[in-house]
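Report on one structure; see the data block that follows.
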Protein chains: 2
Amino acid sequence: MATTENTDLQDTAPQGRIRRENRERILKAAELVFAEAGRAGATMADIAERAGLPKANLHYYFGTKEDLYRAVLDNILRLWLAPIDSLRPDADPAAALTAYVAAKMEASRSRPAASKVFANEILHGAAQVQEFLAKDLRRLVDAKAAVIDGWIAAGRMAPLDARQFLFMIWAVTQHYADFNVQVAALLGRKKLTRSDFDRITREVVRMVLRAAGLPEPPPHP
Amino acid sequence: MATTENTDLQDTAPQGRIRRENRERILKAAELVFAEAGRAGATMADIAERAGLPKANLHYYFGTKEDLYRAVLDNILRLWLAPIDSLRPDADPAAALTAYVAAKMEASRSRPAASKVFANEILHGAAQVQEFLAKDLRRLVDAKAAVIDGWIAAGRMAPLDARQFLFMIWAVTQHYADFNVQVAALLGRKKLTRSDFDRITREVVRMVLRAAGLPEPPPHP
DNA sequence: GTCTATATCGCGATAGAC
DNA sequence: GTCTATCGCGATATAGAC
């Protein structure tokens with residue numbers, strides 16, 4: 001296919017391609033290093049080494065370390081919000097909650113570093129995401145709490161505080177990312193495998209459904 | 001009483017007193033600063049300022065920054081383990097779980113910084129506490145899981161994976177310390193008050209009991 | 001656009017007067 | 001035992017050749 005965005009008769013768009021690929025490599029490396037060492041403990045040299053690029057390139061692409069950190073966080077917030085769409089008024093509560101918990105557990109399994117960077121940000125005061133929490137996320141929580149309240153009003157699940165119930169789901173599912181080192185140590189594992197996660201996910205779903213007064217896992221649709 | 005550890009006939013132990021008080025002040029300040037800024041982001045100058053002492057005194061009392069960090073963590077681990085004693089084989093499951101969750105929530109309310117320092121340590125690989133996790137804490141979890149399994153075998157609560165159930169309790173209760181900034185923002189509060197915690201604790205207890213198949217909060221003993 | 005070499009600064013740690 | 005002044009390292013950031 002012909003490239004569309006350029007001035008003249010350049011056949012490809014190598015600079016755009018390379019820019020994007022390098023930015024992706026840096027963001028991926030930065031997510032891992034920020035997760036391992038924390039925001040202050042992470043060094044530009046570590047990130048550069050893991051990305052396979054010289055330090056100066058990081059500054060060329062992202063300016064300062066803080067700019068890079070914000071870019072990593074922005075990526076994560078998008079990932080973080082997506083699965084909650086399962087909770088819709090017309091859905092079956094047990095099925096919707098099962099899907100939501102399973103999606104959050106899968107995110108904890110496949111992107112633990114993302115969860116850790118976010119947890120670290122909140123832990124230390126959420127300076128970079130305070131507005132996001134107070135505006136966007138609060139609006140989303142209000143909306144999803146209303147969905148749950150609707151289910152309760154219709155007698156489709158047990159009465160409970162919808163917000164605390166959502167916080168419980170977040171706390172439990174993210175625990176398996178943020179505290180994966182502890183969980184593995186306490187289960188006598190070196191590292192949690194995919195089948196560990198499958199088994200744990202079934203247990204977590206069962207406990208969440210029971211907490212909501214929905215004892216039986218639904219037959220999957 | 002006479003002091004025992006000294007050379008001659010010193011009447012009191014003023015140096016011991018001052019030592020202890022200064023160590024306490026430093027540890028308290030360090031817990032707050034490590035919680036706010038993370039292990040790497042915390043500076044000895046910040047800790048000294050908050051403790052109201054010159055930087056050099058911190059090194060006099062604790063040697064290195066790492067030694068100080070380990071001392072803070074040791075304090076926290078003791079605090080962290082205490083309330084789980086509620087879970088005893090002969091106790092009533094609902095009452096024991098209620099007491100345990102309430103104690104963990106009270107710890108989250110009164111010492112959020114302690115929980116945050118611990119969370120931060122685990123989040124970034126648990127380098128300082130790996131042995132503690134793999135030995136002491138694992139043994140403790142095994143013992144308490146056996147208590148819960150005993151309750152289940154006796155038909156006193158619903159069948160579940162006792163370890164995941166314990167992790168759920170930790171995750172949920174510690175969430176209100178580690179993520180207190182997020183929780184407050186999402187509830188539209190500036191800061192969570194004691195009465196917020198009282199109300200939330202009742203909700204959390206209810207959800208935990210339901211997850212364990214114990215629907216009714218027990219009349220308190 | 002890429003990378004080496006370096007400027008600059010903040011922090012941990014300590015020497016040494018009191 | 002306490003505190004001031006300072007050393008030295010390591011990290012961010014950039015200048016400038018390629």
Side-chain angles (χ1 to χ4, degrees), chain A residues 3 5-8 10-27 29-30 32-34 36-73 120 124 127-128, chain B residues 3 5-8 10-27 29-34 36-73 124 127-128:
Chain A
T3 58
E5 76 273 33
N6 233 337
T7 50
D8 265 318
Q10 301 282 93
D11 50 351
T12 68
Q15 74 287 26
R17 268 283 280 286
I18 292 178
R19 270 193 79 86
R20 208 164 280 213
E21 285 179 7
N22 278 348
R23 280 183 58 97
E24 281 305 312
R25 286 175 65 180
I26 293 168
L27 284 171
L32 293 174
V33 175
F34 279 124
E36 278 177 16
R39 181 183 174 171
T43 70
M44 296 297 269
D46 286 346
I47 298 170
E49 191 187 14
R50 193 165 313 211
L53 292 170
K55 272 193 311 178
N57 288 30
L58 275 59
H59 286 102
Y60 173 73
Y61 281 112
F62 288 96
T64 70
K65 182 184 174 183
E66 179 172 344
D67 291 338
L68 175 55
Y69 177 72
R70 292 190 65 110
V72 171
L73 262 186
N120 196 60
H124 299 130
Q128 305 290 330
Chain B
T3 57
E5 76 272 35
N6 233 339
T7 49
D8 263 321
Q10 301 283 92
D11 50 348
T12 67
Q15 74 287 23
R17 267 283 279 285
I18 292 178
R19 271 192 78 85
R20 208 166 278 217
E21 284 179 7
N22 278 347
R23 280 182 59 97
E24 280 306 313
R25 285 174 67 181
I26 294 168
L27 284 171
E31 182 175 293
L32 293 174
V33 174
F34 279 124
E36 278 177 15
R39 180 183 173 171
T43 69
M44 295 298 269
D46 286 346
I47 298 171
E49 191 187 13
R50 193 164 316 209
L53 292 170
K55 270 196 312 178
N57 288 30
L58 275 60
H59 287 100
Y60 173 73
Y61 281 112
F62 287 97
T64 70
K65 183 184 175 182
E66 179 172 343
D67 292 337
L68 174 55
Y69 178 71
R70 293 190 64 111
V72 170
L73 262 186
H124 299 129
Q128 305 291 330

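Side-chain atoms are counted along with the backbone in the values below, which use heavy atoms only and exclude waters and symmetry mates. In what follows, chains carry the letters A, B, and so on, assigned in the order in which the sequence lines appear, proteins first and then strands, with residues in each chain numbered from 1.
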Of the non-hydrogen atoms in B/A37 and B/A42, which two are nearest, and what is the gap between them?
CB-N, 3.6 Å
Please name all residues satisfying side-chain hydrogen bond (donor to acceptor under 3.5 Å, both in side chains) with B/R25, sequence neighbours left out, ordered by chain then number.
none
Non-neighbouring partners of A/R23 that pass side-chain hydrogen bond (donor to acceptor under 3.5 Å, both in side chains), sequence neighbours left out
none
It should be established whether A/N22 places a side-chain nitrogen or oxygen under 4.0 Å from OP1 or OP2 of nucleotide C/dT2.
yes
When the distance from CD of A/E49 to C1' of D/dA11 is rounded to whole Å, what number comes out?
15 Å
Protein proximity profile, nucleotides 3-18 of chain C - base contact B, sugar-phosphate-only contact S, no contact -, cut-off 4.0 Å on heavy atoms
BB------SBBB----
Excluding sequence neighbours, so at least two apart, what forms side-chain hydrogen bond (donor to acceptor under 3.5 Å, both in side chains) with A/R50?
A/E36
Could you state the atom-to-atom distance from CZ of B/R23 to P of D/dG1 in whole Å?
12 Å
What donor-acceptor contacts under 3.5 angstrom involve side-chain atoms of residues 51-62 of chain B, with partners at least two apart or in another chain?
| from | atom 1 | to | atom 2 | distance (Å) |
| --- | --- | --- | --- | --- |
| B/Y61 | OH | B/N22 | ND2 | 3.0 |

Using a heavy-atom cut-off of under 4.0 Å over every strand shown, decide if A/Y61 touches base, sugar-phosphate, or nothing.
sugar-phosphate
Rounded to whole Å, CD1 of A/I26 lies from C1' of C/dG1 at a distance of 12 Å
Can you name the side chain to side chain contact (heavy atoms under 4.5 Å, CB included) partners of B/A30, sequence neighbours left out?
B/F34, B/I47, B/L68, B/V72
Nearest-angstrom distance from the residue atom CZ of B/R20 to P of D/dG1:
13 Å
